[in-house]
2 protein chains.
Amino acid sequence: MSSDEQKILTKPEPDYIACDKCHLSPLCSPVTVGAHAYDFTGKMVNRRHYFKRGEMIFKQGDKAELIFAISAGSLKLTAHVKDNDRVIDFRIPGELIDVCSLNEGSYAYSAQALEDIYLCEIGKETLNDIASQIPEVQGRLMKVVSQELINIQKSSMLMHGNINSEEKIAAFILNLAWRYKNSGYSYTRFKLSMTRTDIADFLGLSKETVIRLFKKLQNSKLIQIEGKSIRINSVDALQHFVGIKLISS
Amino acid sequence: MSSDEQKILTKPEPDYIACDKCHLSPLCSPVTVGAHAYDFTGKMVNRRHYFKRGEMIFKQGDKAELIFAISAGSLKLTAHVKDNDRVIDFRIPGELIDVCSLNEGSYAYSAQALEDIYLCEIGKETLNDIASQIPEVQGRLMKVVSQELINIQKSSMLMHGNINSEEKIAAFILNLAWRYKNSGYSYTRFKLSMTRTDIADFLGLSKETVIRLFKKLQNSKLIQIEGKSIRINSVDALQHFVGIKLISS
DNA sequence: AGAAACCATTGATAGTCATCAAGAAAAAAG
DNA sequence: CTTTTTTCTTGATGACTATCAATGGTTTCT
C-alpha cells in the first residue's frame, strides 16, 4: 500500500485544494477599486463546511441560496428521470457545483457526497448584489460562468457522437484526468471515488460492461486499474484512442 | 401542399424571426443610462447577412471576431474528431452560434448553412469594450451566457444517461420542439432541415436506425413524419415517453 | 470481531443496433 | 425536361452490449 493511499484511509487531515486553483477563487479574493481594496468576499464566504459521506448537499428543486465549491473530497450529481435518479455528473476538488442556479430559482439536480467532504459556500443573493454594484466583481462572475460553459461544451463534445462504449469509458477517464490537472492534482494517477455502478449509470452502460471494458483498456496497456485507483500509462496514447486532444503534452 | 410549404419552396421573402424573440436581442437593443438612451448597438450590429446553402460561416480554429445569431434559416455545427467531421449540434432562427467564442480566441467548431440563411453579426471586440464600460450591457451579456449554459445543460441531461436509441430520437425531436417554441414558431409542426445522416451522426446512430425508429415512433402514434416535415401528435405523450418535462402544457 | 449490506466480478444468453448491399425516391444541375 | 447526384428506404447478417444469475470480495455497522 502506498503512503498516498494510507493518507486517504487514515485521514489525518483532508487534502484541501489550494484556493488559487479553485474555480470559485475569482469570487473569493479581495477586489481593488481605485486605491481601495475591499475584502467583503471574506465575510460572505463560509469556508470548509463539512459533510459526511452519503449526505445530500441539496436536492433537485430546493430553493438555491448558495453557490458551492469543493474544497476537499468529491460528490455526484443526480437528477430524477423516469421515476429514478440518474447520475448526471461528478465533481472533484476545485469545481463548482451548480453555477446554473445563479440565474435560476432552484437547483437543477441533487448533490450527494461520495466521501467525507468540505465545501466552501457563498451566498447567491449577496453575490448578485455586490456584482451589480462593482463591475470588477461582475466581470469575474462572467468569467466563472463562461468557463463553466466551455467546460460543459468540451465534455459534451467528448461524449456525443459516434463513439462506442470502450471509447466512452476512455473519454470518461480522460475527462477526469483533465479536470484533476486543472485543479492542480496528479492527472495520471487518481482515485475513482464513485462506484462502477455510478460510472455505468452516468455513461448509459451496464456496470458489467464498465468492468469488462476497464479490463480491456488495461489489457491494451492504456491504463492500469486496481479497485478504485487508476493510473494512465500514456496520456497521449489515451487521447489518440479517444480522438480528442484535451491535455497538451 | 400547404401555403406554408409553398412559401418555403418559392421563397418570396425569408421568414425572419422577430427581433424580440432572438437570443441576441439583449445585446441588440438601446441601453438607457440615467436620462440618456444610447443606441450604439445599432452601429455595431450587421443585420441579415446572407449565406448560401452549403456555405461555411466559419471554420473550427478560425479567429473569432464576430458573434452570430440566426435571423432566418438553419445550420449545422461540426467538429473535427478522429480524421472526420462530426455533427455536434444544429441551430435554428433566434439562436446564437458560438457564445463560447466570446471568451476564447477562436471558434470551437465549424458552422455550415443547411439552407439559404440570414445572420445578424455583432463585433466581439466592440461588444466586450462596451460591456466593460456600461454595467447594464455587462449584465445583459451575463444573462445571455447563463441562458446558454442552462440550455446546453438541459440538452446534455436529456441525451446523457441510460436511454435507448428510440428515446434518443424522441428526445431529439422534443428538444427541437422546445427550441422552436422558444423562438416563437410552431413547435408541433416544423421542418427537419438536416438530412437523416446528419441526425444519425449527431446522435451517434446509423442513418438506417434513425429511419427505422422514426417509423416506429410514427407507428406508435407519437409523431407523424413525411420527408422533411414532422408533426408531434401529442407533446405530453412524447414527453412522457422521453421521461422529461421540457415543455409545460 | 462478526454480521450484514453493498459492491465487484465472471459466465451464459438474448436483444439491439451497426454494417453491408441494393434499389427507390427526391433534389440539384445542366 | 433530362441527367446526375444525393438522399432515403428496406432487408439480411453479425457484432456489441444489456440482462440475468451466481459468487467472491469489501466495506460498514453493531
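Just so it is clear: chains get the letters A, B, ... in the order the sequence lines come, proteins before strands, and each one is counted from 1.
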> Between Glu167(A) and Lys82(B), is the closest basic N to carboxylate O distance under 4.0 Å?
Replying inline: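 Judged by the 4.0 Å cut-off on N to carboxylate O distance, Lys82(B) and Glu167(A) do form a salt bridge.
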> Should Asp89(A) and Arg179(A) count as an ion pair when the cut-off is N to O under 4.0 Å?
Replying inline: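 A salt bridge links Asp89(A) with Arg179(A).
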>> Between the base of dC16(D) and the side chain of Glu166(A), is one N or O donor paired with an acceptor at under 3.5 angstrom?
In response: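 Such a pair does not exist between side chain and base.
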Roughly, in whole Å, what's the span from [atom1] in [X] to [atom2] in [N]?
X	N	atom1	atom2	answer
Glu208(B)	dA24(C)	CD	C1'	15 Å
Asn219(B)	dT10(D)	CG	P	10 Å
Arg212(A)	dT13(C)	CZ	C1'	11 Å
Arg196(A)	dA18(D)	CZ	P	16 Å
Lys216(B)	dT10(D)	NZ	C1'	17 Å
Met194(A)	dT26(D)	CE	C1'	18 Å
Glu226(A)	dG25(D)	CD	C1'	13 Å
Ile163(A)	dT17(D)	CD1	P	11 Å

When you measure from the side-chain N and O atoms of [X] to the phosphate of [N], is any distance below 4.0 Å, counting only OP1 and OP2?
X	N	answer
Thr197(A)	dC7(C)	no
Lys228(B)	dC8(D)	yes
Arg53(B)	dA28(C)	yes
Lys168(B)	dC17(C)	no
Thr209(A)	dA18(D)	yes

> Using a cut-off of 4.0 Å on non-hydrogen atoms, how would the nucleic acid contact of Ser206(B) be classed: base, sugar-phosphate, or nothing?
Replying inline: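 Base, at least one base atom sits under 4.0 Å.
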>> Suppose the criterion is ring pair (Phe, Tyr, Trp, His ring centres under 6.0 Å): which pairs have a residue in residues 218-244 of chain B, not counting sequence neighbours?
In response: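 Output for this query is empty, none listed.
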> Stepwise, does the side chain to side chain donor-acceptor pair (under 3.5 Å) test hold for Glu121(B) with His49(B)?
Replying inline: CA-CA 8 Å; Glu121(B) 308 155 354; His49(B) 183 170; 2.3 Å; yes
> What nucleotide among dT9(D), dA18(D), dT17(D) has an atom nearest to a side-chain atom of Leu205(A)?
Replying inline: dA18(D)
> When the aromatic ring centroids of Tyr185(A) and Phe190(A) are compared, is their separation below 6.0 Å?
Replying inline: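 Ring-ring flag for Tyr185(A)/Phe190(A): false, centres at least 6.0 Å apart.
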> So how far off straight is the helix from dA1(C)-dT30(D) to dG30(C)-dC1(D), going by the axes through five pairs at either end, to 10°?
Replying inline: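 Overall, the helix from dA1(C)-dT30(D) to dG30(C)-dC1(D) bends by 60° from one end axis to the other.
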> Side chains of Ser183(B) and Glu95(B): donor-acceptor distance under 3.5 Å anywhere?
Replying inline: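 No.
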>> Within the structure provided, determine whether Leu66(B) and Tyr107(B) are in side-chain contact (heavy-atom separation under 4.5 Å).
In response: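 Side chain of Leu66(B) against side chain of Tyr107(B), heavy atoms only: contact under 4.5 Å found.
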